[in-house]
Engineer: 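My questions will all concern the structure given below.
Because only heavy atoms are used, hydrogens play no part in the values below, and waters and symmetry mates are left out as well, while side chains stay in. Naming convention: chains lettered A, B, ... in sequence-line order (proteins, then strands); numbering from 1 in each chain.
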2 protein chains.
Amino acid sequence: MDEITIHSIREAAGRIAPLARRTPVWRSRSFDERAGCQAFFKCENLQKGGAFKIRGAANFIFSIPEQDRPRGVVAWSSGNHAQAVAIAARHLGIPATLVMPADAPRSKMEATRAQGARIVLYDRLRESREEIGRRISKETGATLVPPFDHPWIIAGQGACALEFLEQQPDLDALVVCLGGGGLLAGCAIAARSLRPAIRIYGVEPEIANDYWLSLRRGEPVEIAPPSTIADGLRTTKPGRWNFPIIQRLVDEVLLVSEDEIREAARFILTRMKLVVEPSGAVAAAAALAGRLPQRFARVGIVLSGGNVDLETLAGL
Amino acid sequence: MDEITIHSIREAAGRIAPLARRTPVWRSRSFDERAGCQAFFKCENLQKGGAFKIRGAANFIFSIPEQDRPRGVVAWSSGNHAQAVAIAARHLGIPATLVMPADAPRSKMEATRAQGARIVLYDRLRESREEIGRRISKETGATLVPPFDHPWIIAGQGACALEFLEQQPDLDALVVCLGGGGLLAGCAIAARSLRPAIRIYGVEPEIANDYWLSLRRGEPVEIAPPSTIADGLRTTKPGRWNFPIIQRLVDEVLLVSEDEIREAARFILTRMKLVVEPSGAVAAAAALAGRLPQRFARVGIVLSGGNVDLETLAGL
C-alpha cells in the first residue's frame, strides 16, 4: 500500500461506487464572464453527505479487514469527514464514534448524529482530538479513520479528479482547495497521470497557509490553529503522506483572503444558485479573484462541499 | 391573439430562445424518500434573471411592433418580473422603467438596476402600482408589460412546461406555484395539450388564496394584500385572461402554510443544495407536506425562482 497510483485510485473508485455519487459538472456564464475563462465546476457539494469526504472515508472503511469491522471505527473531524465516516460505517452496519469540536457547524453535527453515530465533543483550542480518538480506539478496538493522512483516504479522494477528467477531459488547469491535503494529493495523482500537462493548483486561506509555508521551507511546518471562515481547512500541518505527493505533483499553492472566500461563496449562492460552504468556495475564490498565475481556456474547479448553516450564509 | 394554444406557446418558445435558457431538470434522492414519489424539478431558479419570468417578459417585449419599441417599456413588479423586463428590454436596446414596492427584496432591486433600468419606488400598502405604471405609460408612450394578465405573457410562461415535458415526457402530475396565474395558465395549456391525462395542480400560500377562493366562487375574487413569505405570490386577484384558463384546465388549487413553505425552502437549500426563493419553493412544499390529493409515481415540480436575499435565507 506504499505507493498511491492511478491504479489505486481506479480501484478505490470501483470500491466506493455503491455509496459515492458521480457528481455533475456545472457551468455558469456569469462566473465565466467574471473570471475570464471557461470554468467547469465539479459539484462535490451534491455528493452523498454533502462533500467529497465520502470518497476517502468509504474507501478506507470498505478496506478494513472483515475481522476488524465489528469493533467499529472512530474518527475526528470538524464535520464533513465525521459525516462521511458515519455514512460509510452505517452502510456496512458497524458502529462509529466521532470526535468533533464543540464549535463545529450545527448542521454538520446534526447530520452526523442522524446517521446513528456516537459523538464525543472536545474543545478545539485546549484538547487534542487525536489523543481522544486514539484513546477511544485503544479502549474499544475501533479502527481509526484518519481525515486525510493515509493512502486509502488519498486514493478515495483521487476518484473525484478521475471522474472529473472523464466528464471533462480537456481541462487546462485543475484547482482544488487545500486543508490536510487528502483531496489535493489524490486529485493530483489522478490528474497528472491522465493528463500530464495539466496545471494543478491547491488553494489555501491566507490565514491557514500551512502548506504554502511548508512548500517554501521544503518540509512540513506547523501553524497555530487558524480561525478561517473555511472551517473545513483549519488543519495546522500537512499530512506526512500528503506533503511529498503535493510537493512533487502540484504546480503551486495559491492563497486567498477571507474576503475573497466570502465573495466567491456569495457569488456561487446568489448568481449560480448553488449552496456551497465557505471551504467549498475556496478553489473558486482563486479563479474569481484572479489568483491563477496565468490565463487558461478551460479551468476545472472542485466545489468541495455544501454543508453550511443558514446562519453562516446570512453572515456572507 | 385571443386564444392561447400549444401553437402560440411553441412560437413563443422559438421567439425567446435567444434569451431564455433551457433550464435543467433536477433529481433528489432525499426529496423522493421524503415525498414518496419520483420528483423531477424544473430549475427555473437557474433561468436567466433567476426566475421563469424572463419567458413571458421576453415573449411580450419581442412581440411589440417595431415602431413602438423606441418609446420603451414600463412594468410594475415585486421583483422577478421587473428584472425580466429589464433584461429583455436591454437585449433589444430599448429603455425600461420599473415600478417596484419600496419593500421589495434588495437583491431583486439591485439586479434590476444593474440591467440599466430606471426604478420608481412606491408604497405597497398605500399607492397603486397600476396607476403609477399607467401614468408613466401615458406620459412617455412606453408600452406597459403586464406581469401576468396577457396572452403574450401566458404563452411565454407556457414554454416552461413545453420544455419540461420534452425533457421528462412521462410525468403523471405537474405542480406549479400560483400568484397571478401566468406561469400556471401557460403551463396548463402546454401540459394539457402534450399529455392530456396529466394532473395539473396550482399551489398557493394559505394566506394568499385568491385563486382558491375564486374557483370555489366561480368568479374572480379580490383579497387584501397578503403578507406571505412567498413575496412573488402576493397578488390580490386572478388575472382576467388567466382565471378561465386555470378554471378549465387545472385539476385543483392546493394550499400550503407559511411553515410548509419555509420547510420546503430549507429542505431544497440544505439537502438539495439549490438556492431557491420562498415563492420558488411553494410547489415543492405541496409535495413535501403531502398535500397532493393522490399518490403519483412521477411528479414534475417547477422551482420557479432563486432570487433571495441572504438575510431571508437566514430567516428560514
Side-chain angles (χ1 to χ4, degrees), chain A residues 19-31 33-34 41 43-52 80 83 87 105-111 114-115 262-263 265-278 280-281 303-316, chain B residues 19-31 33-34 41 43-52 80 83 87 105-111 114-115 262-263 265-278 280-281 303-316:
Chain A
L19 197 51
R21 293 185 190 144
R22 190 176 176 86
T23 54
V25 173
W26 200 261
R27 301 294 319 274
S28 159
R29 295 183 211 187
S30 16
F31 192 96
E33 277 167 30
R34 183 78 80 87
F41 295 93
C43 290
E44 293 292 295
N45 58 332
L46 305 174
Q47 185 53 269
K48 180 91 179 164
F52 71 94
N80 284 335
Q83 204 178 330
I87 292 170
R106 222 179 42 193
S107 60
K108 297 187 181 183
M109 231 181 276
E110 281 165 11
Q115 291 292 337
R262 271 190 214 98
E263 169 60 18
R266 211 160 32 212
F267 190 95
I268 294 166
L269 282 154
T270 59
R271 305 296 298 273
M272 296 168 59
K273 312 294 181 194
L274 281 175
V275 176
V276 73
E277 57 187 278
L303 291 184
S304 57
N307 293 323
V308 62
D309 281 313
L310 294 178
E311 299 96 86
T312 306
L313 292 190
L316 298 174
Chain B
L19 197 51
R21 294 185 189 142
R22 191 176 175 85
T23 55
V25 173
W26 201 260
R27 302 293 320 271
S28 159
R29 294 183 212 186
S30 14
F31 192 98
E33 276 167 29
R34 182 79 79 86
F41 295 92
C43 290
E44 293 292 295
N45 57 333
L46 305 174
Q47 184 53 269
K48 180 88 178 165
F52 71 94
N80 284 336
Q83 204 177 331
I87 293 171
R106 223 179 40 195
S107 60
K108 296 189 182 181
M109 234 182 273
E110 281 165 11
Q115 292 295 334
R262 270 189 214 98
E263 169 61 18
R266 215 163 27 217
F267 190 95
I268 294 166
L269 281 154
T270 59
R271 305 295 297 273
M272 295 167 60
K273 312 292 182 195
L274 281 177
V275 176
V276 74
E277 57 187 278
L303 291 184
S304 56
N307 293 324
V308 62
D309 281 314
L310 294 178
E311 300 93 88
T312 306
L313 292 190
L316 298 173

Engineer: Is there a side-chain contact between Leu274(A) and Val275(B), using heavy atoms and a 4.5 Å cut-off?
Structural biologist: no
Engineer: In chain order, what residues pass the side-chain contact (heavy atoms from CB on, under 4.5 Å) check against Arg22(A), with sequence neighbours excluded?
Structural biologist: Glu163(A), Glu166(A), Gln167(A)
Engineer: Does atom CZ of Arg271(A) have more than 12 heavy-atom neighbours, drawn from other residues, nucleotides or ligands, at distances under 6.0 Å?
Structural biologist: no
Engineer: Sort Arg29(B) into side chain, backbone, both or neither according to what part of it lies under 4.5 angstrom from a heavy atom of chain A.
Structural biologist: side chain
Engineer: Given a strict heavy-atom distance threshold of 4.5 Å, which part of Asn307(A) is in contact with chain B: side chain, backbone, both, or neither?
Structural biologist: both
Engineer: Testing the basics here: between Lys273(A) and Leu46(B), what is the closest heavy-atom pair and its distance to 0.1 Å?
Structural biologist: CB-CD2, 3.6 Å
